[in-house]
There are 2 protein chains.
Amino acid sequence: MTAQQTCGAAADGNRRAELVRAAARLFRDRGYDGTSIRDIADAVGMRSGSPFYHFKSKQEILAAVMEEGLLSCLPAVEGIVAGALPPRQKFRALLRAHLETVLAEGHDFIPVLLYDWRALSPERRAGIVALRDRYDRVWQAVLTELQRAGMVKSDSKVARLLLMGAINFSIQWYQPGRGCTLDELADEAAGMFLL
Amino acid sequence: MTAQQTCGAAADGNRRAELVRAAARLFRDRGYDGTSIRDIADAVGMRSGSPFYHFKSKQEILAAVMEEGLLSCLPAVEGIVAGALPPRQKFRALLRAHLETVLAEGHDFIPVLLYDWRALSPERRAGIVALRDRYDRVWQAVLTELQRAGMVKSDSKVARLLLMGAINFSIQWYQPGRGCTLDELADEAAGMFLL
DNA sequence: CCTACCGATCGGTAGG
DNA sequence: CCTACCGATCGGTAGG
């Protein structure tokens, strides 16, 4: 009985997780407004009304994509900043991790966060902002370390926003398998911003 | 007769231009998919069917926003690159002009180009890409001048894309009248990318 | 999780 | 450029 309940809950969780994953993929490709509940249901082999057994609304699916995307990548980057690497390697590791999160195939969650932010209803934003802030603090900490080591001109907030923007905007032009690898891109970005 | 025809044509052109301007504003605020033809018609005091007297489809309005946005800012930036300023000032002037285009209040056209690109149908993209390429060539030329003057590490295409991304992404976080002015932002960006 | 459905809204058109 | 309208699609729900 306990086993069956656990199994049932796990199966429910899996279906829910499937929906979030499918939604992330579709939102990334077509945008939130360009994706219908029916598209998401089709992608996991459900009927059009069934996603509402798992989520109260389409907005709740969007929030889940953003929240789970951040929760799944925060441990890695917070591990990097807490680690003992010298500043330059720390920066390079963070850069590389972020590029992976944003550009690697199958990584759809953070791009949705970045490019469908305005589609998220104002009431749902606060919770996600709290997680974004954790992510931003990691970057700020690493930039401050770099600055103290004399390896970068500025660790101002604006400098950080410009740097992160340079990388985040690469979603718009980077094509996996064409042009350069993620490692080469990380090198170019690092070389550009370090003294 | 000629005067009346001209006047009639001008009035038509004005109504069309009004629609494009209203659409740009709405697309920037709510996205292409989040804006209905009725929203656009309302904004200029027309009934819902009337925009189709000026445009064949909603897609044609989007293409007009992007095309007119590029056509109206290209002369200024092409003037900068063709001018006689030394490399550093040329770069600074280009940076400043681009920030204006992208962040100043009432400048909605280029943000739509940057953030609703995927909403533009593939058939309509080629024409806009040709104009974008002209814009990109201006930047590339200025970066090459900078590099020859030994003022920047790299004038590779990737370096240019990262730099332009840093600025373009500022639409997502910059708030006019809060934090810093466009001039200060231009200084910070220039200081960051110059040796 | 499916069936069957609802009201609202969408882009677009015919005819004037 | 308006009136009046169309078929399609949307997010969401009741009842099982």
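Every chain is numbered from 1 and lettered A, B, ... according to where its sequence line falls, protein lines coming before strand lines. Just the heavy atoms: all of them, side chains too, but no hydrogens, waters or symmetry mates, feed the values below. Quick caveat, the model's predicted, so the values are computed rather than measured.
Helical stems in DNA chain D, defined as runs of 3 or more consecutive Watson-Crick or G-U wobble pairs with donor-acceptor distances under 3.5 Å: C:1-16 with D:1-16.
Side-chain proximity of B:His54 to the nucleotides D:dC1, C:dC1, D:dG12 is greatest for D:dC1. Proximity note for A:Lys58 (side chain, C-beta onward) versus C:dC1, D:dG12, C:dT3: the nearest is D:dG12.
Taken residue by residue, residues 28-42 of chain B places no heavy atom nearer than 4.0 Å to DNA chain D.
In this structure, the side chain of B:Gln140 engages the main chain of B:Asp155 through a donor-acceptor pair within 3.5 Å.
Taking atom CZ on A:Arg47 and atom C1' on D:dG11, their separation rounds to 18 Å, with Å as the unit. At whole-Å resolution of the value, CZ in A:Phe52 and P in D:dT13 are 7 Å apart.
Note on ring orientation: taking the six-membered ring where Trp is involved, the planes of B:Phe169 and A:Tyr115 are perpendicular (angle over 60°, cut-offs 30° and 60°). Taking the six-membered ring for Trp and thresholds of 30 and 60 degrees, A:Phe91 and A:Trp139 have ring planes more than 60 degrees apart, a perpendicular arrangement.
Taking the nucleotide of DNA chain C with the nearest heavy atom to each of B:Ser48 and A:Tyr53, the more 5' of the two is matched to A:Tyr53.
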Start with the C-alpha distance between A:Arg25 and A:Asp29, add both sets of side-chain angles, then the distance that settles salt bridge (charged side-chain N to carboxylate O under 4.0 Å, His left out), and finish with yes or no. CA-CA 6 Å; A:Arg25 174 73 182 275; A:Asp29 287 348; 3.5 Å; yes
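Interatomic distance, CG of A:Leu185 versus CG of A:Leu95, reported as 8.0 Å (0.5 Å rounding). Atom CG of A:Leu113 sits about 9.0 Å away from atom CG of A:Leu62, to the nearest 0.5 Å. Atom OG of A:Ser156 and atom CD of B:Glu188 lie 3.5 Å apart (nearest 0.5 Å).
Legend: residues meeting side-chain contact (heavy atoms from CB on, under 4.5 Å) with A:Phe52, ordered by chain and number and at least two apart, are A:Ile37.
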